[in-house]
There are 2 protein chains.
Amino acid sequence: MTRTADGRKSTAGTGIAKGRVVRTDAERNIGALLTAAKAVFARSGVDAPVREIAEEAGLGVGTVYRHFPQRSDLIAAVSRQEIATCAYAAETLAAKYKPGEALARWLQRYVDLIAAKRGLAAALHSGDPAYNQLPAYFDERLRPALHELFAAAVADGNVRADVDADELLSAVGSLAMSPGDKGLARARRMVALLVDGLRFGATLPAS
Amino acid sequence: MTRTADGRKSTAGTGIAKGRVVRTDAERNIGALLTAAKAVFARSGVDAPVREIAEEAGLGVGTVYRHFPQRSDLIAAVSRQEIATCAYAAETLAAKYKPGEALARWLQRYVDLIAAKRGLAAALHSGDPAYNQLPAYFDERLRPALHELFAAAVADGNVRADVDADELLSAVGSLAMSPGDKGLARARRMVALLVDGLRFGATLPAS
DNA sequence: ACCTGAACACCGTTCAAGT
DNA sequence: ACCTGAACACCGTTCAAGT
């Protein structure tokens, strides 16, 4: 949320039509719904009953439909928030750790994001227009975050320069996505190996 | 369906408990349900109402639940049938075309299978026990089919020998899986390129 | 043994009434 | 302008009655 020139709230970045003015109670309800939906999606999956989300937020079902006419709108909004949080974590980690370790920790954080969103993969391929802008938002937020961490690690001499950051990101994404079962632990190990390779690896085979 | 020693029908390969004896009308209904489900899944997706499938088969909803207590049982049964059909296509193609072309055509047939099953990918990762044996069945049926086509094509001098057939299969699978939109045409072109590479490619970079 | 379909429970969605 | 929740439609699932 940002504020308009006259001090009232706008809905920039929430997926709601730009320029609309939102009443204070509505604003608070939208926040409550996002928090509730995140918890319910984590507990019961993205197909959880709308009533469960409304109850978790302490609101009527009608309020859910007012702000998020389609279930996919709510899913997309929660996803945007989680993407933004993950991007913000890059700054936090960069401030707290040395460049090489900040990069390593953020990549593991990224594994969490993708692993949690595995159920979303099918939705993204569904053609629902609500998801149209999501990959773009994903790129827009996460790629710059990674590139900054990456450049810092290279400058610090902790990471070799002959690796493409975008390729690294999609490789980590694939690892986090693939196996349904005990995939998270496996993905973590694989990503750790990759990071070691970034530090100690020899020259890559020419593509 | 196969027959037991006394000439009655058994349910081997249908996913129904082994050794059970099935009345003639029940046997016919199971077939009708599989045919109907395949059509309805293709038309309305795997989440189509059970009533729609029952109606398409000209049967009551209770009959669907009698033979397939869970929706996933029906999906799994249809999938097994489609896998078996695709495996059988390998024999047909091998008989009709020269080895190199048989391989190329079968790989395109495989693209159809995977593309049609894209909606199933999420289901496979759902942990539903009904799908547990499906990947195994997939391997058991499709890998031998491919290996035979592949070996014949290599023996015929149409395909170089320094390619791993399983790797080829999973690469084609990934291509057929990835893009939600006009992915089928794109996958076809990519697979065609792969096949050309099998024929005319230079030495692969050492892994 | 098997089939049918009415009956029940549950969920998505709307909208009149209230604030 | 927004919120509530009863009401309606629709779908999954069961089970008593029929064959």
Side-chain angles (χ1 to χ4, degrees), chain A residues 1 4 6-11 14 16-37 40-41 43-76 123 126 128 130, chain B residues 1 4 6 8-11 14 16-17 19-37 40-41 43-76 123 126 128 130:
Chain A
M1 293 277 177
T4 53
D6 59 356
R8 289 184 301 178
K9 294 91 188 172
S10 85
T11 55
T14 61
I16 297 170
K18 258 188 183 172
R20 227 180 78 197
V21 172
V22 175
R23 236 168 55 177
T24 311
D25 55 347
E27 182 186 11
R28 187 184 40 219
N29 287 341
I30 290 171
L33 283 174
L34 287 176
T35 305
V40 170
F41 287 162
R43 186 201 313 140
S44 313
V46 289
D47 289 327
V50 174
R51 276 174 182 77
E52 191 178 338
I53 298 167
E55 196 182 0
E56 173 95 16
L59 298 169
V61 281
T63 307
V64 182
Y65 283 98
R66 161 162 278 264
H67 295 300
F68 304 99
Q70 316 260 12
R71 169 186 297 274
S72 53
D73 295 323
L74 189 49
I75 296 174
S126 70
D128 190 316
Chain B
M1 294 277 173
T4 52
D6 60 355
R8 291 186 299 177
K9 294 92 190 172
S10 86
T11 56
T14 61
I16 297 169
R20 228 181 78 198
V21 173
V22 176
R23 237 168 54 177
T24 310
D25 54 347
E27 183 186 11
R28 188 184 40 222
N29 286 341
I30 289 171
L33 283 173
L34 286 176
T35 304
V40 170
F41 287 162
R43 187 203 311 141
S44 313
V46 289
D47 288 327
V50 174
R51 276 173 181 77
E52 192 178 338
I53 297 167
E55 196 181 2
E56 174 95 15
L59 299 169
V61 279
T63 307
V64 182
Y65 283 98
R66 162 162 276 264
H67 295 301
F68 304 99
Q70 316 259 12
R71 169 185 297 275
S72 53
D73 296 322
L74 190 49
I75 296 175
S126 69
D128 190 317

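All values derive from a computational prediction rather than experimental measurement. The sequence lines fix the lettering, A, B, ..., with proteins before strands; numbering per chain opens at 1.
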Report task. Could you check how far CZ of A:Arg66 sits from P of D:dA1, rounded to whole Å? Result -> 9 Å

Report task. Quickly work out the A:Phe68 CZ to D:dC3 C1' distance and round it to whole Å. Result ->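 Those two atoms, CZ and C1', are 15 Å apart.
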
Nearest atoms (heavy-atom pairs only) where [X] meets [Y]:
| X | Y | answer |
| --- | --- | --- |
| A:Ala130 | A:Ala76 | O-CB, 3.8 Å |
| B:Ile53 | B:Ala36 | O-CB, 3.8 Å |
| A:His67 | A:Leu33 | CD2-CD1, 4.2 Å |

Report task. Could you walk me through whether A:Ile30 and A:Phe68 pass side chain to side chain contact (heavy atoms under 4.5 Å, CB included), step by step? Result -> CA-CA 9 Å; A:Ile30 290 171; A:Phe68 304 99; 4.2 Å; yes

Query raised in the report: Taking for each residue the nucleotide of DNA chain C bearing the nearest heavy atom, is the 5' side occupied by B:Gly62 or by B:Asp25?
Result: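 Nearer the 5' end of the strand: B:Asp25.
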
Strictly under 3.5 Å: I want the nitrogen or oxygen pairs between protein and nucleotides 11-13 of chain D, one per line.
residue	atom	partner	partner atom	Å
D:dG12	OP1	B:Arg71	NH2	2.6
D:dG12	OP2	B:Val50	N	2.9
D:dG12	N7	B:Arg51	NH1	2.8
D:dG12	O6	B:Arg51	NH2	3.0
D:dT13	OP2	B:Tyr65	OH	3.0
D:dT13	O4	B:Arg51	NH2	3.2

Query - Atom pair CG/CG of B:Leu59 and B:Asn29 - distance to nearest 0.5 Å - result: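 Going from the CG atom of B:Leu59 to the CG atom of B:Asn29 covers 4.5 Å.
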
**Report entry** CZ on B:Phe41 to CG on B:Asp47, rounded to 0.5 Å
**Finding:** 9.0 Å

Report task. List the steps and the verdict of side chain to side chain contact (heavy atoms under 4.5 Å, CB included) for A:Val46 and A:Leu74. Result -> CA-CA 10 Å; A:Val46 289; A:Leu74 189 49; over 6 Å; no

Requested in this report: Answer yes or no: does a side-chain N or O of B:His67 lie under 4.0 Å from OP1 or OP2 of C:dC2?
Outcome: no

Query raised in the report: For B:Asn29 and C:dC2, is the shortest distance between a side-chain N/O and OP1 or OP2 below 4.0 Å?
Result: no

**Report entry** Dot-bracket encoding per residue of DNA chain C, Watson-Crick/G-U cut-off under 3.5 Å, | denoting interstrand
**Finding:** ||.|||||...|||||.||

Query raised in the report: Does any N or O in the side chain of A:Thr35 come within less than 3.5 Å of the main-chain N or O of A:Gly31, such that one atom is a donor and the other an acceptor?
Result: yes

Query raised in the report: Is a donor on one side and an acceptor on the other found under 3.5 Å between the side chain of B:Arg71 and the backbone of B:Ala48?
Result: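 Here the side-chain-to-backbone pair exists.
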
Each nucleotide N or O in nucleotides 16-19 of chain D that has a protein N or O under 3.5 Å away: list the pair and distance.
none

Report task. Run the salt-bridge test on B:Glu56 and B:Arg51 with the 4.0 Å N-O cut-off and return the result as yes or no. Result ->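 Salt bridge absent between B:Glu56 and B:Arg51.
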
